[in-house]
Amino acid sequence: MPEGNIIHRLARVHHRWLAGRQFTADSPQGRFSQDARRLSGRTLLAVEAHGKHLFHHFEGGVHLHLHLGLFGNIRHFRAGAPPPSAACRLRLASPHATLYLSGPQSCELLSPEAERTLRARLGEDPLRPEASPARAFEALRRSRAPLATVLLDQERISGVGNILRAEALFLAHLPPQLPASELRPEDFERLWAALRLLLEDAARDGRIVTPHAPPTALTLPGKRREDRFTVYDREGQPCPRCATPIVRLALSGRGLFFCPSCQAPRGKKR
DNA sequence: TGCAGATGATGAG
DNA sequence: TCATCCTCTGCAG
């Protein structure tokens, strides 16, 4: 379930709970056993997120890099952790907290140099304080591909996933098919503001709920997942702005949801 | 109980 | 563009 908001939330929670503590590490699944031994006994100094990448900095210049990919999951327990599943790639345990990591796309130890190289490739992360909207704008405009495709390119803007791109494009009134090179400054300002709003709220609340989602989405814990969104996963349901049925398109093999009326290409608004 | 699909990324062709 | 990797969940039968 990880987009940038989830990763930033994990970084904040882990930093608050776990920094300054010493951990033992092992790999119940066995695929990380050798590196886990290198981690074991070290004190965690800091945790930070960049886009969808999570970095745990341990003493001695040992940096744990995690990318959860599509299936990865991290569970944390303050006490009474249940036995890990057989798929648990990494268990980090201290007397105060235990983490279970399963299904990550990347779980590796990096030198500080390797981490710098990796992060140099990543685009602007709207949740990071040093993020430059101007650089993000230029990065997007360098591509002639559809905006919806370019938004998922982590080397241009990092942290945006399939839900956030759909919801942000909707909030910004932008057609997903618009060539990114034709993005105007005023379009980008709305898009950047929408991304920051969605990411900040979701990083704080632990889940994405868009401003146009039904009010019950914020109050009913058992609410269906798609009711938290305005367009994502709502094919055929009425757009909250104009009541036109939401459309789903397959773009590069992934579902793209949008309103064909209020996100119509320029000059084709219905 | 088994299968399809999912909020991701990469490499081959 | 497609296949592949990794894990979990929801749903059909």
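Distance from the side chain of A/H67 is smallest to B/dA9 among B/dA6, C/dC8, B/dA9. Relative to the side chain of A/A87, the nucleotides B/dT7, B/dA9, C/dT7 differ in distance, and C/dT7 lies closest. Among the nucleotides B/dA6, B/dA9, B/dT10, the one closest to the side chain of A/Y232 is B/dA6.
Taking atom CG on A/L251 and atom P on C/dT1, their separation rounds to 8 Å, with Å as the unit. One can place CZ of A/F257 at 12 Å from C1' of B/dG5, the figure rounded to the nearest angstrom. Atom CZ of A/R121 is separated from atom C1' of B/dA9 by 10 Å (rounded to the nearest Å). C/dC8 atom P lies 13 Å from atom CD1 of A/I74, rounded to whole Å. The CD-C1' distance, from A/E235 to B/dG5, rounds to 15 Å in whole Å. For the pair A/D233 CG and B/dA6 P, the computed distance is 8 Å after rounding to whole Å. The interatomic distance linking A/L256 (CG) with B/dA6 (P) rounds to 13 Å, in whole Å. Rounded to an integer number of Å, the gap from CG of A/L70 to C1' of C/dT7 is 9 Å.
Taking side-chain N and O atoms only, A/K52 has a distance below 4.0 Å to OP1 or OP2 of B/dA9. At C/dT7, one or more side-chain N or O atoms of A/Q29 fall inside 4.0 Å of OP1 or OP2 (strictly under the cut-off). When the side-chain nitrogen and oxygen atoms of A/R75 are compared with OP1 and OP2 of C/dC8, none of them lie within a distance under 4.0 Å. Remark: A/S102 is in phosphate contact with C/dC8, judged by side-chain N or O atoms under 4.0 Å from OP1 or OP2.
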Query - Secondary-structure notation, DNA chain B, from Watson-Crick and G-U pairs under 3.5 angstrom (| other strand) - result: ||||||.|||||.
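A/H76 has its ring centre less than 6.0 Å from the ring centre of A/W17.
With sequence neighbours excluded, no residue forms a salt bridge (Lys or Arg N to Asp or Glu O under 4.0 Å) with A/R144.
A/N5 places no side-chain N or O within 3.5 Å of a backbone atom of A/L199 that could act as its donor or acceptor partner.
A side-chain contact (heavy atoms from CB on, under 4.5 Å) with A/E167 holds for exactly one of A/L164, A/L171, A/I163; it is A/I163.
Note on A/R31: only backbone sugar-phosphate atoms sit closer than 4.0 angstrom, heavy atoms only; bases stay farther off.
Only the P atoms considered, B/dT7 is 16 Å distant from C/dC11, to the nearest whole Å.
Judged by the 6.0 Å distance and 45° axis criteria, A/R241 is positioned over the aromatic ring of A/F170.
Neither side chain, A/H63 nor A/H56, offers a donor N or O lying under 3.5 Å from an acceptor on the other.
Side chains of A/F58 and A/L92 form a contact here, defined as non-hydrogen atoms less than 4.5 Å apart.
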